[in-house]
Amino acid sequence: MNAQTKSNYKLMIMYMLSRGKFPLSNVAVSGFMSSANYCSYMEVQELITELISDGDIIADTSGSVATYTLSDTGNDTLRYFGNNISRRAREDIRKYLFDNSYELRQDSNTEARVIHNNSNDYTVKCTVSENGITLIGLEFSVPDEESANRMAGAWKTRSNDIYNYIMDKLSE
């Protein structure tokens, strides 16, 4: 990938983060860039690493999913050089964010963390948040790492069903 192409792809990632109304996951950014045939997954990872290193984006790896936001430096860079992003690329990004807004928001707002306790057990902390407010938070103690990881993985796909079930049962 030549330097100009690399710069354009970095600008596209920053533009994507600027258009999102919440932090975007690694899966969202790399999914868009590779599915739209701009670059490969590995190239996206390299671009993200460089953007973090340059201070243009901020990574949050505290949860089970890495998410990214645009930094002030990134905003400045985008303001100065954003017009280098093609109209087609801008439209592709806007369409992707619009078409996938529900899934992207779920990725951003659904978290499951596995914590190894001092003893031989694990704690799985599961949350769903919206606009910074926790809608539901559950904490489970489990005996082994395999079970903890399985529960954390299941939370991403089943949290909505679990939330609805609990709300229905508590509202009876």
Side-chain angles (χ1 to χ4, degrees), residues 1-114 126-137 149 152-164:
M1 175 181 333
N2 68 42
Q4 182 63 42
T5 301
K6 189 180 237 185
S7 294
N8 285 338
Y9 290 162
K10 285 181 178 181
L11 287 169
M12 288 172 59
I13 292 169
M14 289 189 283
Y15 180 76
M16 186 176 188
L17 294 174
S18 76
R19 300 292 297 183
K21 306 217 182 331
F22 41 84
L24 294 177
S25 70
N26 188 303
V27 171
V29 174
S30 58
F32 165 74
M33 294 294 286
S34 59
S35 70
N37 294 318
Y38 285 108
C39 54
S40 71
Y41 174 83
M42 293 307 292
E43 290 169 326
V44 175
Q45 299 314 303
E46 179 184 331
L47 295 168
I48 288 172
T49 299
E50 289 178 16
L51 286 165
I52 293 167
S53 177
D54 294 343
D56 289 319
I57 66 174
I58 300 165
D60 179 0
T61 57
S62 63
S64 58
V65 175
T67 58
Y68 307 108
T69 53
L70 193 61
S71 69
D72 291 340
T73 303
N75 270 319
D76 291 343
T77 302
L78 195 56
R79 189 173 36 245
Y80 294 127
F81 301 107
N83 60 346
N84 292 339
I85 302 169
S86 72
R87 180 182 299 253
R88 179 181 156 255
R90 288 175 187 266
E91 289 171 5
D92 287 349
I93 291 167
R94 285 193 292 263
K95 182 176 179 356
Y96 177 82
L97 292 173
F98 179 79
D99 290 349
N100 297 286
S101 62
Y102 178 77
E103 292 84 2
L104 296 173
R105 189 177 323 258
Q106 285 298 103
D107 280 351
S108 173
N109 296 328
T110 305
E111 182 179 350
R113 291 187 302 146
V114 174
C126 304
T127 59
V128 175
S129 305
E130 189 170 287
N131 298 324
I133 298 169
T134 300
L135 300 177
I136 187 170
N149 288 328
W155 180 251
K156 285 301 250 181
T157 57
R158 297 183 180 150
S159 60
N160 193 43
D161 294 336
I162 294 166
Y163 174 79
N164 289 332

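By the 4.5 Å heavy-atom criterion applied to side chains, Met12 and Tyr38 are counted as neighbours. The shortest side-chain heavy-atom distance between Pro23 and Asp60 does not fall under the 4.5 Å cut-off. In this structure the side chain of Ile13 never reaches within 4.5 angstrom of the side chain of Asp56, judged on heavy atoms. With contacts defined as side-chain heavy-atom distances shorter than 4.5 Å, the pair Asn26/Val44 does not qualify. Here the side chains of Arg113 and Trp155 are not in contact, with every heavy-atom distance at 4.5 Å or above.
Atom CZ of Arg90 and atom OH of Tyr15 lie 5.0 Å apart (nearest 0.5 Å). The CE atom of Met14 sits 10.0 Å away from atom OG1 of Thr73, with the distance rounded to the nearest 0.5 Å. Glu43 CD to Ile48 CD1: the interatomic distance, rounded to the nearest 0.5 Å, is 12.5 Å. With rounding to the nearest 0.5 Å, the separation of CG in Asp76 from CZ in Phe81 is 10.5 Å. The CG atom of Leu78 sits 10.5 Å away from the OG atom of Ser71 when rounded to the nearest 0.5 Å. Rounding to the nearest 0.5 Å places OG of Ser35 at 9.0 Å from CG of Asp92.
No more than 12 heavy atoms of other residues, nucleotides or ligands sit less than 6.0 Å from atom CZ of Arg87. Counting non-hydrogen atoms of other residues, nucleotides and ligands closer than 6.0 Å to CZ of Arg158 gives a total of 12 or fewer. Remark: Asn2 CG is packed, more than 12 non-hydrogen atoms of other residues, nucleotides or ligands lying under 6.0 Å away.
Checking side-chain atoms of Thr67 against main-chain N and O of Ser25 turns up no donor-acceptor pair under 3.5 Å. Between the Ser53 side chain and the Thr49 main chain, no donor and acceptor come within less than 3.5 Å of each other.
Smallest separation of non-hydrogen atoms from Leu47 and Cys39: CD1-SG, 4.1 Å. Shortest non-hydrogen contact noted between Met16 and Ala28 is CE-O, 3.6 Å. The minimum heavy-atom distance between Ser86 and Ala89, with the atom names listed, is OG-N, 3.0 Å.
Ring planes of Phe32 and Tyr96: tilted class, angle from 30 to 60°.
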May I have the step-by-step check of side chain to side chain contact (heavy atoms under 4.5 Å, CB included) for Glu46 and Glu50, ending in yes or no? CA-CA 6 Å; Glu46 179 184 331; Glu50 289 178 16; 3.4 Å; yes
